[in-house]
**Q** 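A single structure is presented below for examination.
Reminder, nothing fancy here: chain letters follow the sequence lines and each chain counts from 1. Atoms considered below: every heavy atom in the structure, side chains included; atoms not considered: hydrogens, waters and symmetry mates.
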Number of protein chains: 2
Amino acid sequence: MTNHTKPRPDRVKARQLEQNRNLFGRLSAASLASRVQAQRMLKSAGDLSITEWRVLWDLAEAGPLTVTEMAAIQRTDHALISRAIPVMVRKGYVTTTISQADRRASLIELTDHGREVFTRTSVVMSARRAALSRTFSEEEVNTFIGLIDRFEAFVEAPLTENLKTEATP
Amino acid sequence: MTNHTKPRPDRVKARQLEQNRNLFGRLSAASLASRVQAQRMLKSAGDLSITEWRVLWDLAEAGPLTVTEMAAIQRTDHALISRAIPVMVRKGYVTTTISQADRRASLIELTDHGREVFTRTSVVMSARRAALSRTFSEEEVNTFIGLIDRFEAFVEAPLTENLKTEATP
DNA sequence: AAAAATTATGTGACTTGTCACGTAAAAGTT
DNA sequence: AACTTTTACGTGACAAGTCACATAATTTTT
C-alpha cells in the first residue's frame, strides 16, 4: 500500500496544483478568507457580527427597511436577518414596527445609538473597501463582477440544465 | 419617519445596484450558491456531505493522505476533516492508520467500498466540472483565477497593512 | 542530553449560512 | 364573496466553517 508510482510529496503537490484551478474550491476559500478579514475588522472596531454590520449599513444608507428588502440587498437569506434583529433591538441599535402598508412586514429602523455604532464601525469598513479599490482598477472590478455574474448564473441554473449535454455524448 | 427624499422602491433598488459592485458581498453570495449546487448534486448521487466528497476525491486521486495534507489540498481547516473522518470510517469509506513516518499523523486511505462510492458520485461531479468548462474558456478561467489570487492576497494580508494609507490622508 | 518550540490531530464552542415549516396576511382566482 | 395561492417573517434543525485548546510527537535550540 505504500507502493505508489509517485512519492507522497509529489502526489500531494500535484493534487494541490490541480485544485488551484478548481474555480469552485477557489471561490469558496477566497470568500471564507474574506469573511475572516471582515470579522477581524469588525472585532477591532467593536463587537458587531457580519450580519449586524450589514443591517446597520443598509439601514444607514437606505432605511427604514423590511427583512426581505435587506435580505435582497445583501443577497442573503431572510432567516439570518430575522435572527439578528431581536439581538440588535436589545442592544438598542434598531427598532422594529409593523409596516402599515403590509401588516406581515416588520419595518426596521436605526436608533440614534445604532447610528453612532454604524458611524464608528464604518471608519474601518470603508477603509477596507478603499484598500480593495487600490488593489483592483475599475476595469478589473468590472471584469471580476462579470465573471462572478456568469458563475452565479451557472450554479443557479436548474440541475438538469447543467448536465444536459451528458445525455449527448 | 416615512418622509424621505426617495420613495422606498427607489431607495432599495439604488442600494441593491450599489451592492452589486461590492466584491466582498458578491463573492460570498456566489460561493454560497455554488455550495448549494454541490450539495444538491451530491444529494442526487447519494448522501455525501461536501467534506466527505472532497475527502473521497482527494484519496482517489492522491491517497493515502494525512488530515493536514487534505486540508492543504482543499484549502480548508483540518478541524473539518478531522470531524468527517470517524463518520466516514463508520460508513466504511475509509480506513485510518497511524503513520509510521510520523506517529502524530493519521494516514487515511480509501476502502473498496469508498472507491465505489467515489466512482458513482464522480459521475455527477465531473459532469458539473465539464459543464462549467463549457461556460468559461481557458483564458477566462486564467483571468478568474488570477483575480481570485489577488483578492485572496488582499484579504489575507495583515490588518494594519490594509489600512496603512489611512494614516496618510 | 535536556529543554523549548513547533507541529498533527482531535474536540468543543461558536458563527454564518440553508432549508423546512408554521402562522398570518395579502394577492389572485373562481 | 369565498376560496386558493403566494408572500413576510420567525423559528428550529442542520451543515460548513473558524478558533481555541489539549495532548502527544517531532524538531529545534541550548
Side-chain angles (χ1 to χ4, degrees), chain A residues 8 12 24-25 27-40 42-43 47-55 64-72 74-89 94 96-108 155-156, chain B residues 8 12 24-25 27-40 42-43 47-55 64-72 74-89 94 96-108 155-156:
Chain A
R8 313 179 45 73
V12 174
F24 301 121
L27 266 175
S28 174
S31 168
L32 291 166
S34 173
R35 182 203 288 177
V36 170
Q37 185 195 45
Q39 282 168 333
R40 286 185 183 149
L42 290 171
K43 193 74 170 179
D47 203 32
L48 291 177
S49 72
I50 286 176
T51 302
E52 285 169 352
W53 160 247
R54 285 177 176 159
V55 167
L65 294 164
T66 67
V67 168
T68 305
E69 283 166 343
M70 284 192 272
Q74 297 172 23
R75 295 171 183 260
T76 60
D77 192 288
H78 79 274
L80 252 196
I81 293 166
S82 283
R83 200 152 22 212
I85 297 298
V87 177
M88 296 178 76
V89 168
V94 301
T96 138
T97 52
I98 309 270
S99 166
Q100 293 304 312
D102 183 336
R103 301 192 60 79
R104 300 171 301 180
S106 303
L107 210 47
I108 323 293
V155 297
E156 285 170 354
Chain B
R8 310 178 46 73
V12 174
F24 301 120
L27 265 175
S28 174
S31 168
L32 291 165
S34 172
R35 182 202 286 178
V36 171
Q37 186 197 41
Q39 282 170 333
R40 286 182 181 149
L42 289 171
K43 193 76 175 180
D47 203 32
L48 292 177
S49 72
I50 287 174
T51 304
E52 286 171 349
W53 159 249
R54 285 177 177 159
V55 167
L65 295 165
T66 65
V67 169
T68 305
E69 282 166 343
M70 283 192 273
Q74 296 172 25
R75 295 171 184 259
T76 59
D77 192 287
H78 78 274
L80 253 194
I81 293 167
S82 283
R83 202 155 15 216
I85 296 299
V87 176
M88 295 178 76
V89 168
V94 301
T96 138
T97 53
I98 309 272
S99 165
Q100 293 304 314
D102 183 339
R103 303 192 58 81
R104 299 171 299 181
S106 305
L107 211 47
I108 323 291
V155 297
E156 284 170 355

**Q** So A:Met88 and A:Ile108, do their side chains get closer than 4.5 Å, heavy atoms only?
**A** no
**Q** Going from CD on B:Gln37 to CG on B:Leu42, what distance comes out if it is rounded to the nearest 0.5 angstrom?
**A**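 So the CD of B:Gln37 and the CG of B:Leu42 are separated by 10.0 Å.
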**Q** Suppose we screen for side-chain hydrogen bond (donor to acceptor under 3.5 Å, both in side chains). Which residues come up paired with B:Ser31, at least two apart in sequence or across chains?
**A** none
**Q** What pairs with B:Glu52 under side-chain hydrogen bond (donor to acceptor under 3.5 Å, both in side chains), at least two apart in sequence or on another chain?
**A** B:Lys91
**Q** Find out whether B:Val36 and A:Val155 are in side-chain contact, i.e. whether some heavy atom of one side chain is under 4.5 Å from a heavy atom of the other.
**A**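 No - every pair of side-chain heavy atoms lies 4.5 Å or more apart.
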**Q** Working to the nearest 0.5 Å, report the span between CZ of B:Arg35 and CG of A:Leu27.
**A**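 Reported value, rounded in 0.5 Å steps: 12.5 Å.
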**Q** Quick one: what's the B/S/- string for nucleotides 2-8 of chain D, heavy-atom cutoff under 4.0 Å, read 5' to 3'?
**A** -----BS
**Q** In this structure, how many angstroms lie between the C1' atom of D:dC14 and the CZ atom of B:Arg40, rounded?
**A** 16 Å
**Q** Rounded off to whole Å, could you give me the CH2-to-C1' distance for the B:Trp53 and D:dA16 pair?
**A**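 Atom CH2 in B:Trp53 sits about 18 Å away from atom C1' in D:dA16.
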**Q** Could you check A:Ala101 against B:Thr96 and say which one's nearest nucleotide on DNA chain C is further toward the 5' end?
**A** B:Thr96
**Q** What residue pairs, at least two apart or across chains, pass salt bridge (charged side-chain N to carboxylate O under 4.0 Å, His left out) with a residue in residues 74-89 of chain B?
**A**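 Applying salt bridge (charged side-chain N to carboxylate O under 4.0 Å, His left out) to every pair that reaches into residues 74-89 of chain B, excluding sequence neighbours, yields B:Arg75-B:Glu152.
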**Q** If I take atom CD in residue B:Gln100 and atom C1' in nucleotide D:dT26, what distance separates them, rounded to the nearest angstrom?
**A** 15 Å
**Q** List the residues meeting side-chain hydrogen bond (donor to acceptor under 3.5 Å, both in side chains) with B:Ser34, not counting sequence neighbours, and say none if there are none.
**A** B:Arg128
**Q** In this structure, how many angstroms lie between the P atom of D:dT23 and the CD1 atom of B:Ile98, rounded?
**A**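 So the two atoms are 17 Å apart, to the nearest Å.
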**Q** Under the side chain to side chain contact (heavy atoms under 4.5 Å, CB included) test, which residues partner A:Ser82, sequence neighbours left out?
**A**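 With neighbours one apart ignored, the set is A:Val67, A:His78.
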**Q** Within this structure, what is the NZ-to-P distance between B:Lys43 and D:dA15, rounded to whole angstrom?
**A**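 In whole Å, D:dA15 P lies 9 Å from B:Lys43 NZ.
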**Q** Considering residues at least two apart in sequence or located in another chain, which fulfil the salt bridge (charged side-chain N to carboxylate O under 4.0 Å, His left out) criterion with A:Arg104?
**A**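 With sequence neighbours excluded, A:Arg104 shows a salt bridge (charged side-chain N to carboxylate O under 4.0 Å, His left out) to A:Asp102, given in chain and number order.
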**Q** Closer than 4.0 Å, any side-chain N/O of B:Arg54 to the OP1 or OP2 of D:dA15?
**A** no
**Q** Go through DNA chain C in 5' to 3' direction and return only the first and the last nucleotide with some atom under 4.0 Å of chain A's heavy atoms.
**A** C:dT15 to C:dA26
**Q** What is the distance, to the nearest angstrom, from the CG atom on B:Leu32 to the C1' atom on D:dG17?
**A**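 It works out to 11 Å between those atoms.
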**Q** Who are the side chain to side chain contact (heavy atoms under 4.5 Å, CB included) partners of B:Thr97, not counting sequence neighbours?
**A** B:Leu107
**Q** Between D:dG17 and A:Ser28, is there an OP1 or OP2 to side-chain N/O distance shorter than 4.0 Å?
**A** yes
**Q** Listed in order of residue number, which residues of residues 78-86 of chain A have a non-hydrogen atom at under 4.0 Å from DNA chain D?
**A** A:His78, A:Ala79, A:Ser82, A:Arg83
**Q** According to side-chain hydrogen bond (donor to acceptor under 3.5 Å, both in side chains), who are the partners of B:Gln74, at least two apart in sequence or on a separate chain?
**A** B:Asp58
**Q** Between CG of A:Leu65 and CD1 of A:Ile81, what distance do you get to the nearest 0.5 Å?
**A**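 It comes to 9.5 Å.
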**Q** Using five pairs at either end of the helix from C:dA1-D:dT30 to C:dT30-D:dA1, determine the angle between the two local helix axes and round it to 10 degrees.
**A**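 Roughly 30° between the end axes, to the nearest 10°.
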**Q** Rounded to whole Å, how long is the line connecting atom CG of B:Asp47 with atom C1' of D:dC14?
**A**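 Taking atom C1' of D:dC14 as the reference, CG of B:Asp47 is at 13 Å.
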**Q** Would you give the length of the straight line joining atom CD1 of A:Ile85 to atom OG1 of A:Thr51, rounded to the nearest 0.5 angstrom?
**A** 9.5 Å
